[in-house]
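Here it is: the structure, laid out below.
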Amino acid sequence: QVELIESGGGLVQAGASLSLSCAASGSIAGMHGVAWFRQGPGKEREFVSAVSWTSGGTFYADSVKGRFAISIVNSKKAVYLQMNNLKAEDTAVYYCAATFSIPIGRNTQNYDYWGQGTPVTVSS
C-alpha cells in the first residue's frame with residue numbers, strides 16, 4: 001500500500017507562482033513514476049506532468065510546458081510541482097498519483113495510487 005499526501009495549494013492571482021508537494025510513504029519499492037493530474041470545475045481529470053522515480057525523466061502536458069516544473073527528491077520520497085505564471089485556466093484540484101507500470105503513462109488508468117487532492121484557485 002502506498003500513501004500520497006499533497007500540500008501547497010491555495011488562492012493566487014494570475015501571473016503568480018505556487019509550489020505543490022507530494023509526499024510518498026508505504027510500500028514504494030518498485031514504484032516507477034509519480035504524476036500530477038488536475039480536475040477543473042465541470043471537467044474531466046487531465047494529465048499535467050510526470051516524473052520517473054528511477055531515471056528522473058520528466059513529461060509535461062502542452063498546456064503547462066514552459067510554466068510548470070516537476071522535480072523529485074528521492075531522499076525525502078517527495079515530488080514537487082513548481083507552477084509559474086499561473087493562469088485562470090489552471091484552477092483545479094491537483095492530484096498526485098503513483099504508478100508501478102512501465103512506461104509512465106498520461107492516462108488515469110495507468111496509476112495505482114492517488115492522493116486526496118489539493119485545490120488551486122487562480123483569480124484573473
Review point. Backbone N or O of Asn110 within a donor-acceptor pair of the Thr99 side chain at under 3.5 Å?
Key: yes
Exercise for review: Kindly state each residue pair satisfying side-chain hydrogen bond (donor to acceptor under 3.5 Å, both in side chains) with at least one member in residues 11-24, sequence neighbours excluded.
Suggested key: Ser7-Ser21, Ser17-Asn84
Review point. Transitively linked via ILVMFWY side-chain contacts under 4.5 Å: Leu86 with Leu20?
Key: yes
Point to revise | Under the side chain to side chain donor-acceptor pair (under 3.5 Å) test, residues paired with Thr58 that sit two or more places apart | key: none
Practice item. Say whether, by atom type as modelled, one donor and one acceptor occur between the side chain of Ser49 and the main chain of Phe59 under 3.5 angstrom. Key: yes
Review point. Got Tyr111 and Ile104 here, is their nearest side-chain heavy-atom distance under 4.5 Å?
Key: yes
Exercise for review: For residues 25-65, pull every pair meeting disulfide bond (SG atoms under 2.5 Å apart), keeping only residues two or more places apart or in separate chains.
Suggested key: none
Revision key, fill the gap. For Trp114, the side chain to side chain donor-acceptor pair (under 3.5 Å) test, sequence neighbours excluded, returns none
Check your understanding: Can you get from Val64 to Ile72 by hopping between Ile, Leu, Val, Met, Phe, Trp and Tyr side chains that sit under 4.5 Å apart?
Key -> yes
**Study point:** Any side-chain heavy-atom pair of Leu4 and Tyr95 under 4.5 Å
**Key:** no
Check your understanding: So, does Thr91 use its side chain to make a donor-acceptor pair with the main chain of Ala88 at under 3.5 Å?
Key -> yes
**Study point:** Any pair counted as disulfide bond (SG atoms under 2.5 Å apart), so long as it reaches residues 39-82, sequence neighbours left out
**Key:** none
Revision key, fill the gap. Connected to Tyr80, directly or through other members, by ILVMFWY side-chain contacts below 4.5 Å are Val73
Point to revise | Donor-acceptor contact present, side-chain Tyr113 to main-chain Ala24, <3.5 Å | key: no
Review point. Are the side chains of Val48 and Phe68 in touch, meaning some heavy atoms are under 4.5 Å apart?
Key: yes
Check residues 26-40 and write down every donor-acceptor pair under 3.5 Å in which the side-chain atom is one partner and the other belongs to a residue at least two apart or another chain.
from, atom 1, to, atom 2, distance (Å)
Arg38, NE, Glu46, OE2, 2.6
Arg38, NH1, Asp90, OD1, 2.9
Arg38, NH1, Tyr94, OH, 3.0
Arg38, NH2, Glu46, OE2, 3.2
Gln39, OE1, Arg45, NE, 3.4
Gln39, OE1, Arg45, NH2, 3.4
Gln39, NE2, Lys43, O, 3.1

Check your understanding: What residues, two or more places apart in sequence or in another chain, satisfy side chain to side chain donor-acceptor pair (under 3.5 Å) together with Lys65?
Key -> Asp62
Review point. Which disulfide bond (SG atoms under 2.5 Å apart) pairs, counting each pair once, include a residue from residues 56-124, with sequence neighbours left out?
Key: Cys22-Cys96
Point to revise | Ala23: side-chain contact (heavy atoms from CB on, under 4.5 Å) partners, not counting sequence neighbours | key: none
Validation: residues 115-124 side-chain donor-acceptor distances under 3.5 Å, sequence neighbours left out:
from, atom 1, to, atom 2, distance (Å)
Gln116, NE2, Glu6, O, 3.4
Gln116, NE2, Glu6, OE1, 3.4
Thr118, OG1, Gly9, N, 3.2
Ser123, OG, Val12, O, 3.4

